[in-house]
Each structure stands twice: as structure tokens, then as C-alpha cells.
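What you see is a predicted model; the values in this text were computed from it and never measured. In listed order, ligands and their atoms are each counted from 1.
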Amino acid sequence: MKLTICHLYGNLMNTYGDNGNLLMLKHHCKLRGIEVESKLISIGDEFNPNEFDLMMFGGGQDYEQKIVSEDLQLKKEAITEFIESNGVVLGICGGFQLLGHYYINAAGDKLPGIGAIDYYTINQENNRYTGDVEIYNEEFNETYLGYENHSGRTFLGENVNPLGKVKKGFGNNNEDKTEGCHYKNVFCSYFHGPMLVKNQHLANRLIDLAIKRQENLKK
Ligand code: GLN
């Protein structure tokens, strides 16, 4: 058994140790005897949706996000195809924002996302949501813990589930108690920390889903 992980813009989108999520996935694969290979896909690289089992897209500052948002438009169809074919994705903060319709940054620029999932992110004046955060996912009966630091305020479309309900902290927008999103095999969140270190049950869920998908594709 072998899993191939795409580290999307891992050299630009790696705020607050988000790269640690990749190390955590590798660690758990090793514990479970699964071979793992990761590949950095960044500016100007082609993303082949058939090459990967899992994708990790970390957070970034507004500066990096602007560069990434432009390049992403060239990968839009391929990433959407990956998501629609049940590819497993972990999207954190800035990466989460850019998988949706758009992100209006602190300067008021509207950065296009890829619209693969129905949500959008707006800005707020002179404020950031920072601090410890705790959410509860009803579907899995699991609690996730993390640390958030974002100015963006994300609003999910009607048919998009959050990753969890906010128990402590601000979450997507400090208004509707949603945090992150869960769509097909895509798990997005504002949690840094890195997220999978504090939430190892989620790391194993991502690995389980990637294995299941690979087996289904072989049938
Ligand atoms: N720049 C985005 C925001 O402030 C994302 C930040 C991040 O990834 N930590 O909302």
C-alpha cells in the first residue's frame, strides 16, 4: 500500500507550521506500514488529478495568497476534478479560503478562488480572529482543537456542512457558529497548530479515506 500526497504550494502556503500536517500524515502512514510519497506542486507546475490520493493546502499571508490565487486559476479544473472524484483534501486557513469562490483580503482586493465548494470569504476592518478554538463534529462525534489567526470571514453556502460547530473561539465568521467545511472528502479549517498534531483522529480519518478511494478506483 502506498499513498501519494500533493503538497499544494507548500513553499508559499505554510503559515504557523502548517507543513507539520504533512509530517503528521507521513508519521501515521509509517506507523500503519503504509508507504508514502509527497510531491510539492507550486507556481507553474501542472497538477495531475490522477496522480494523487491526498492533497494538503496550507494557510498563507495575504501577499502569498495573491500570487497563489492567480496561479490557481490554471489548476482550477484539475483540482475540481480531484475533489469531485473524492480526492482527499486538507485545506487550512488561506488554502481553505481559496477553494471557495473568493477571498477579499485586508486591503480590499478580491482574490478569486476556484469555486470548487460553495462559500466565500470577506474581510473585516482592523480586526483578526485569534486564539484557541474548539469545535464539535456531529457526524463523527468528534471534537477538534486548534488555534486560529485570520482576518477573513467565511460564509458557507446553504448545502455545505461546516467541519464542526464552534464551542470556543470565533470560527468562520463569529456569527453563525460554523467552523471550516466538510464536503465529500474535503476537510477545511482555520486551525493552525498544525491541525493534525492536535487532532490525530482526523489524520487517521484522512488516511482511511484515501485508502478506501484508492481501493474503489482499482475495482
Ligand atoms: N490571509 C488570510 C487571512 O488573514 C489567511 C491567513 C492564514 O492562512 N493564517 O484571513
Problem set entry | Within 45° cone of Tyr102 ring axis and under 6.0 Å: Lys110 NZ or CZ |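 Yes.
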
Close N or O approach ([X], ligand 1; < 3.5 Å):
X: Gly59; result: no
X: Tyr16; result: no
X: Gly60; result: yes
X: Ile92; result: no
X: Gln97; result: yes

Problem set entry | salt bridge (Lys or Arg N to Asp or Glu O under 4.0 Å) assessment of Lys212 paired with Asp208 | CA-CA 6 Å; Lys212 204 166 134 195; Asp208 289 342; over 6 Å; no

Exercise. Does atom NZ of Lys177 have more than 12 heavy-atom neighbours, drawn from other residues, nucleotides or ligands, at distances under 6.0 Å?
Worked result: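 It does not: Lys177 NZ has 12 such atoms or fewer within range.
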
Exercise. Just wondering, more than 12 heavy atoms not from Glu46 lying within 6.0 Å of its CD?
Worked result: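 Result for CD/Glu46: open.
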
For this session: Answer with side chain, backbone, both or neither: which part of Asn105 has a heavy atom less than 4.0 angstrom from an atom of ligand 1?
Result: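 It is neither part, as no heavy atom is under 4.0 Å.
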
Exercise. How are the rings of Phe96 and Tyr119 set relative to one another: parallel (under 30°), tilted (30 to 60°) or perpendicular (over 60°)?
Worked result: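 Phe96 and Tyr119: tilted rings.
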
Which of the numbered atoms in ligand 1 are below 4.0 angstrom from a heavy atom of [X]?
X: His150; value: 4 (O), 10 (O)
X: Arg128; value: 4 (O)
X: Gly152; value: 3 (C), 10 (O)
X: Asp62; value: 1 (N), 2 (C)

Exercise. Under a heavy-atom criterion of less than 4.0 Å, does Phe96 contact ligand 1?
Worked result: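 No.
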
Exercise. At the 4.0 Å heavy-atom cut-off, does Met13 count as touching ligand 1?
Worked result: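 The answer is no, since Met13 has no heavy atom less than 4.0 Å from ligand 1.
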
For this session: Before giving the answer on salt bridge (Lys or Arg N to Asp or Glu O under 4.0 Å), spell out for Glu37 and Lys2 the whole-Å C-alpha distance, their side-chain angles and the decisive distance to 0.1 Å.
Result: CA-CA 8 Å; Glu37 186 193 342; Lys2 180 183 168 183; 2.8 Å; yes

Exercise. Knowing that exactly one of Asp18, Asn14, Asn19 qualifies, which makes a side-chain hydrogen bond (donor to acceptor under 3.5 Å, both in side chains) with His7?
Worked result: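 Single pass found, and it is Asn19.
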
For this session: Please test Phe155 against Tyr120 for ring pair (Phe, Tyr, Trp, His ring centres under 6.0 Å), starting from the C-alpha separation and ending with a verdict.
Result: CA-CA 6 Å; Phe155 292 88; Tyr120 61 90; 5.8 Å; yes

Exercise. Which heavy atom of Leu40 sits nearest a heavy atom of Tyr9, and at what distance?
Worked result: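 Looking at all heavy atoms of both residues, the shortest contact is CD1-C, 4.1 Å.
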
How far is [atom] from its nearest protein heavy atom, and which residue and atom name does that atom have?
atom: atom 2 (C) of ligand 1; result: Gln65 OE1, 3.2 Å
atom: atom 7 (C) of ligand 1; result: Cys93 SG, 2.8 Å
atom: atom 3 (C) of ligand 1; result: Tyr103 OH, 3.3 Å

For this session: May I ask whether Leu22 and Leu8 are part of the same hydrophobic cluster, defined by side-chain heavy atoms of I, L, V, M, F, W, Y residues being less than 4.5 angstrom apart, directly or through others?
Result: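 Leu22 and Leu8: separate clusters.
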
